[in-house]
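Notes follow once the structure below has been shown.
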Amino acid sequence: MNQSNNTQQPNQSINLPSADVRIKICGITRQQDAEAAIACGADALGFVFYEKSKRAVTIATLDWLHTLPPFVQLTALFVNPEADWVSSVITGLPIDVLQFHGVEPEPFCRQFGKRYIKAVPMENKSAQDAMQFMAGYPSAGSFLLDNYGEQEIGGSGTQFDWSQVPDAIGKPLVIAGGLTPDNVQPVISQVKPYAVDVSSGVESSPGIKDKEKIARFVTAVKSAI
Ligand SMILES: O=C(O)c1ccccc1N[C@@H]1O[C@H](COP(=O)(O)O)[C@@H](O)[C@H]1O
């Protein structure tokens, strides 16, 4: 094929129509919340393997994970973990994707042979800064933009400046940070992300999901234009 006929504007092939924007419900700690999220239409669930989090889980507390239905992606979130800890988690549980929220270098993230999402700290960051950060992770399958600073760890439950989301990066972008059933439509309209990720915005208290909020979130995403 003629090379010149095969050039793509990277994000044109990745941005999805709003109705197809994928939904990840993160910070799940309980089986009933996982099942509720799947019943509501979540595409992916996230589990926080970070002991300082109010949503921290362990291999033992997720012994029900094998009973979940197929075709829902299970994501393990880590913050500056030991490699052995990541290996134990992916050996012990049916994890599909890793998500790194700390300052893990690129060789660390890719050593596990799993697809991974690298979180990008967007607090006070320009689109140019974000692109520079992402360029350091060529092996990442996707980037998750969240509102935290270089020395913090994410999960603040607050929004960043969506006007600073870079375009044409050639990788799927996941938008996170303070999303709720009420503000997810504007970010989809503005940014046209590959996926949206929510944790605190669909909770009744940290680590306890609210099925009604999840249902409202999913409905809002699927009806976004
Ligand atoms: O949820 C946590 O406690 C957490 C701890 C450390 C890093 C990330 C964490 N949460 C993740 O942050 C994003 C956005 O969450 P929110 O919707 O703003 O509450 C999401 O992936 C959370 O799982």
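Counting convention: from 1, in listed order, for ligands and their atoms alike. Everything numeric here is computed off the predicted structure, so don't read it as measured data.
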Check: every ligand 1 N/O to protein N/O pair under 3.5 Å:
residue: ligand 1; atom: 1 (O); partner: Arg55; partner atom: NH1; Å: 3.0
residue: ligand 1; atom: 3 (O); partner: Ser53; partner atom: OG; Å: 2.6
residue: ligand 1; atom: 3 (O); partner: Arg55; partner atom: NH1; Å: 3.1
residue: ligand 1; atom: 12 (O); partner: Asp146; partner atom: OD2; Å: 3.3
residue: ligand 1; atom: 12 (O); partner: Gly155; partner atom: N; Å: 3.4
residue: ligand 1; atom: 17 (O); partner: Ser199; partner atom: N; Å: 2.9
residue: ligand 1; atom: 18 (O); partner: Gly157; partner atom: N; Å: 3.4
residue: ligand 1; atom: 18 (O); partner: Gly178; partner atom: N; Å: 2.8
residue: ligand 1; atom: 19 (O); partner: Ser200; partner atom: N; Å: 3.0
residue: ligand 1; atom: 19 (O); partner: Ser200; partner atom: OG; Å: 2.6
residue: ligand 1; atom: 21 (O); partner: Gln99; partner atom: NE2; Å: 3.4
residue: ligand 1; atom: 21 (O); partner: Asp197; partner atom: OD1; Å: 3.0
residue: ligand 1; atom: 21 (O); partner: Asp197; partner atom: OD2; Å: 3.2

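The side-chain contact (heavy atoms from CB on, under 4.5 Å) test applied to Ser87 returns Phe112, not counting sequence neighbours. Partners of Lys125 by salt bridge (charged side-chain N to carboxylate O under 4.0 Å, His left out), not counting sequence neighbours, listed by chain and number: Glu150. For Lys114, the side-chain contact (heavy atoms from CB on, under 4.5 Å) partners two or more places apart in sequence, or in a different chain, are Ile90, Leu98.
At a cut-off of 3.5 Å, with distance as the only test, no side-chain donor of Gln73 or Asp43 sits close to an acceptor on the other residue.
Within the 4.5 Å cutoff, no side-chain heavy atoms of Asp146 are placed close to those of Phe160.
Tyr148 and His101 have their aromatic ring centers within a separation under 6.0 angstrom.
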